[in-house]
Amino acid sequence: MECCNCKVLSGAVLPIVTCHSSSLNSKVSFPSRKAHKGFNSIPHKSGITVIKATETPNGQTPTIASRRKRRNQNVDGDFFIDHTCIDCDTCRWMAPQIFTRVDGMSAVFKQPTSKEERLKALQALLSCPTSSIHTEKPPRDILEAQDSFPIPVNEHKIPGVYHCGYHSEKSFGAASYLIIHPKGNILIDSPRFTEKLARKIEMLGGARYLFLTHKDDIADHGKWSKRLNCDRILHSADVELSSTEVEIKLEGTGPWSLGEDVQLIHTPGHTEGSVCLFYKPLKILFTGDHIAMRESGKLTMLEMYNKCSVSMQLDSVRKLLELDFKWIIPGHGWRIEFKDDHERRTTLEAVLQRPSS
């Protein structure tokens, strides 16, 4: 892929190509992993996905107001989830003491009984990409929850790694993370833009890069790049109309490096341009949508959402077998800490032997 005004930035291992041209040949796509409840997804001849309302069993079309009502599957109490839930799993891994899955959506199965549980429930409320979590009474402690972002993932084991919260519906509720780095912080995938979070990230040193693992989870990348004055990184194979102005476009199959301790690994399959980020000092692999841990505790490639090639994705999983990481932090679902190398290899090999969505 060629473009004008390109320059090569030399990393510790391989160069990264930076393109400032928006003349790349791209096509617009509107990925929709799951139609909202009460609606059907219909492909339009223009390529745009049209959402058409469907009728409920009693013959009535559900209104926005009715879909915002409390689900009967919630237990009685202050917190509840409405019918707009898209089953993205965000609240269930952020506050598993409070939320669970019932009949294809999230629901509150236990009301918070401590300050810590209430804070986690409010953090999930703020992070819900569809604003489907509510309280019966306006929470007086919502500012405390807002101020808690970004949240340290594990201050003792992986210091300097934060969960940004504020998940975006544009990326089906994907999580965004921040790595504090002495040579410039790295924001991984885009959260929903909010000025309060931007100010908190600035207090932590801002961001030098916004690394986008693949085209699905770019959300409000343009707003974040402008607000934090950071360079966006995305593989050229995943560049589309909405991302043509990305500052750094990765070419080829890599690997690429950001300094001496951050490696970018091409893992095509979910999309052609999927890339994982390996943070060597803490042995963390940020996988985007390449692989994820389900609530069942099973590592999966989520083949039902594959947009390129399942066989290619399997080859990319195989590529990770020899990589020395201890943590997997995915774009969706639960984080994983492996107790040793044997557990890591065994878990990855299980994906290769019995891939399942």
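Numbers here simply count residues along the sequence, with the first being 1. These figures come from a predicted structure and were not determined experimentally.
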task: Apply side chain to side chain contact (heavy atoms under 4.5 Å, CB included) to L204 and L178, showing your working.
output: CA-CA 10 Å; L204 291 169; L178 179 70; 4.0 Å; yes
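- In this structure, the ring of F109 has its center no less than 6.0 angstrom from the ring center of F99.
- In terms of the side chain to side chain contact (heavy atoms under 4.5 Å, CB included) criterion, residue partners of D147 (sequence neighbours excluded) are, by chain and number, K196, K200.
- Remark: the E251 side chain and the S236 side chain contain an N/O donor-acceptor pair separated by less than 3.5 Å.
- A distance-only check finds no donor-acceptor pair linking the side chain of D220 to the backbone of R192 [under 3.5 Å].
- Legend: residues meeting ring pair (Phe, Tyr, Trp, His ring centres under 6.0 Å) with F211, ordered by chain and number and at least two apart, are absent.
- Taking the six-membered ring where tryptophan is involved, the planes of H163 and W93 are tilted, since the angle between them lies from 30° to 60°.
- With T135 contributing its side chain and F79 its backbone, the two residues share no donor-acceptor pair below 3.5 Å.
- No donor-acceptor pair under 3.5 Å is formed between the side chain of D231 and the backbone N or O of Y209.
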For residues 324-331, run the donor-acceptor check on the side chains, cut-off 3.5 Å, and write out each pair with its distance to 0.1 Å, sequence neighbours left out.
{"from": "D324", "atom 1": "OD2", "to": "K283", "atom 2": "NZ", "distance (Å)": "3.1"}

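- In this structure, the side chain of D238 engages the main chain of G273 through a donor-acceptor pair within 3.5 Å.
- Applying the salt bridge (charged side-chain N to carboxylate O under 4.0 Å, His left out) rule to R92 yields the partners D87, D89, E295; only residues at least two apart in sequence or on another chain are considered.
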message: Using the rule given for side chain to side chain contact (heavy atoms under 4.5 Å, CB included), can you reason through D141 versus R118, listing the C-alpha separation, both sets of side-chain angles and the distance that settles it, and then say yes or no?
response: CA-CA 9 Å; D141 47 353; R118 182 172 175 82; 2.7 Å; yes
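- Here the two rings, on H235 and H214, have centers that are 6.0 Å apart or farther.
- Between the side chains of T90 and H167, at least one donor-acceptor pair of N or O atoms lies under 3.5 Å.
- Note that the CG atom of L126 and the OG1 atom of T194 stand 9.0 Å from one another [nearest 0.5 Å].
- When atom types are taken as modelled, the side chain of R208 and the backbone of K183 share a donor-acceptor pair closer than 3.5 angstrom.
- Residue D340 places its CG atom among more than 12 non-hydrogen atoms of other residues, nucleotides or ligands, all under 6.0 Å distant.
- The side-chain heavy atoms of T213 and S274, taken from C-beta on, include no pair separated by under 4.5 Å.
- Under the 3.5 Å distance criterion, with hydrogens and angles disregarded, a donor-acceptor pair is assigned to the side chains of Q73 and D103.
- Side-chain atoms of S190 come within 3.5 Å of backbone atoms of I218 as a donor-acceptor pair (strictly under, hydrogens ignored).
- For H156, the side chain to side chain contact (heavy atoms under 4.5 Å, CB included) partners two or more places apart in sequence, or in a different chain, are N154.
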query: Can you check side chain to side chain contact (heavy atoms under 4.5 Å, CB included) on L234 and L250, steps first, answer last?
result: CA-CA 6 Å; L234 178 66; L250 303 175; over 6 Å; no
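- Annotation: side chain to side chain contact (heavy atoms under 4.5 Å, CB included) contacts of T347 (sequence neighbours excluded): L299, F338, E343.
- Clustering ILVMFWY residues whenever any of their side-chain heavy atoms sit less than 4.5 angstrom apart, transitively, puts I151 in the very cluster that holds I201.
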field: Chi angles and distances behind the salt bridge (Lys or Arg N to Asp or Glu O under 4.0 Å) call for K137, D78
entry: CA-CA 7 Å; K137 299 178 181 179; D78 192 24; over 6 Å; no
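- In this structure the side chain of C230 never reaches within 4.5 angstrom of the side chain of L187, judged on heavy atoms.
- The CZ atom of R318 sits 14.0 Å away from the OG1 atom of T267 when rounded to the nearest 0.5 Å.
- Within the 4.5 Å cutoff, no side-chain heavy atoms of K69 are placed close to those of F80.
- Under the 3.5 Å distance criterion, the side-chain polar atoms of D189 are left unmatched by any main-chain donor or acceptor of A175.
- Qualifying ring pair (Phe, Tyr, Trp, His ring centres under 6.0 Å) partners for H290, counting only residues two or more places apart in sequence or in other chains: none.
- Side-chain contact between P129 and Y166 is absent, with no heavy atoms from C-beta onward closer than 4.5 Å.
- Distance CZ/F278 to CD/Q263: 7.0 Å, rounded to 0.5 Å.
- Qualifying side-chain hydrogen bond (donor to acceptor under 3.5 Å, both in side chains) partners for T100, counting only residues two or more places apart in sequence or in other chains: none.
- Salt bridge status for E136 with R70: present, with a side-chain N to carboxylate O gap under 4.0 Å.
- No side-chain heavy atom of L314 sits under 4.5 Å from any side-chain heavy atom of S309.
- Taking the side chain as every heavy atom from C-beta outward, D261 and H181 approach each other to under 4.5 Å.
- Note: T271 OG1 to D217 CG = 9.5 Å, rounded to the nearest 0.5 Å.
- The OG1 atom of T287 sits 8.5 Å away from the CG atom of L320 when rounded to the nearest 0.5 Å.
- Taken together through direct or relayed side-chain contacts under 4.5 Å among Ile, Leu, Val, Met, Phe, Trp and Tyr, M312 and L352 form parts of separate hydrophobic clusters.
- Looking at residues two or more places apart in sequence or on another chain, you find a side-chain hydrogen bond (donor to acceptor under 3.5 Å, both in side chains) between H221 and R232.
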task: Please assess Q123 against L119 for the test side chain to side chain contact (heavy atoms under 4.5 Å, CB included), listing each intermediate value before the final yes or no.
output: CA-CA 6 Å; Q123 289 170 336; L119 175 60; 3.8 Å; yes
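- You'll find the side chain of V153 reaches within 4.5 Å of the side chain of Y177, heavy atoms only.
- Side-chain contact check for L285 versus L277: every heavy-atom pair is 4.5 Å or farther apart.
- With sequence neighbours excluded, the residues that form a side chain to side chain contact (heavy atoms under 4.5 Å, CB included) with R68 are I64, D82, T84, S131, S132, H134.
- With sequence neighbours excluded, the residues forming a side-chain hydrogen bond (donor to acceptor under 3.5 Å, both in side chains) with R227 are E195, E202, listed by chain and number.
- Under a 3.5 Å cut-off, the side chain of K298 and the backbone N or O of V351 do not form any donor-acceptor pair.
- A side-chain donor from one of E117 and T113 sits under 3.5 Å from a side-chain acceptor of the other.
- Under the side-chain contact (heavy atoms from CB on, under 4.5 Å) rule, F286 has a single partner from V161, L264, I186, V275, which is V161.
- D289 places no side-chain N or O within 3.5 Å of a backbone atom of H332 that could act as its donor or acceptor partner.
- For E322, the salt bridge (charged side-chain N to carboxylate O under 4.0 Å, His left out) test picks out R345, with sequence neighbours left out.
- A 6.0 Å sphere centred on CD of Q111 holds more than 12 heavy atoms belonging to other residues, nucleotides or ligands.
- Within 6.0 Å of NZ on K223 lie no more than 12 heavy atoms contributed by other residues, nucleotides or ligands.
- No donor-acceptor pair under 3.5 Å is formed between the side chain of S168 and the backbone N or O of A219.
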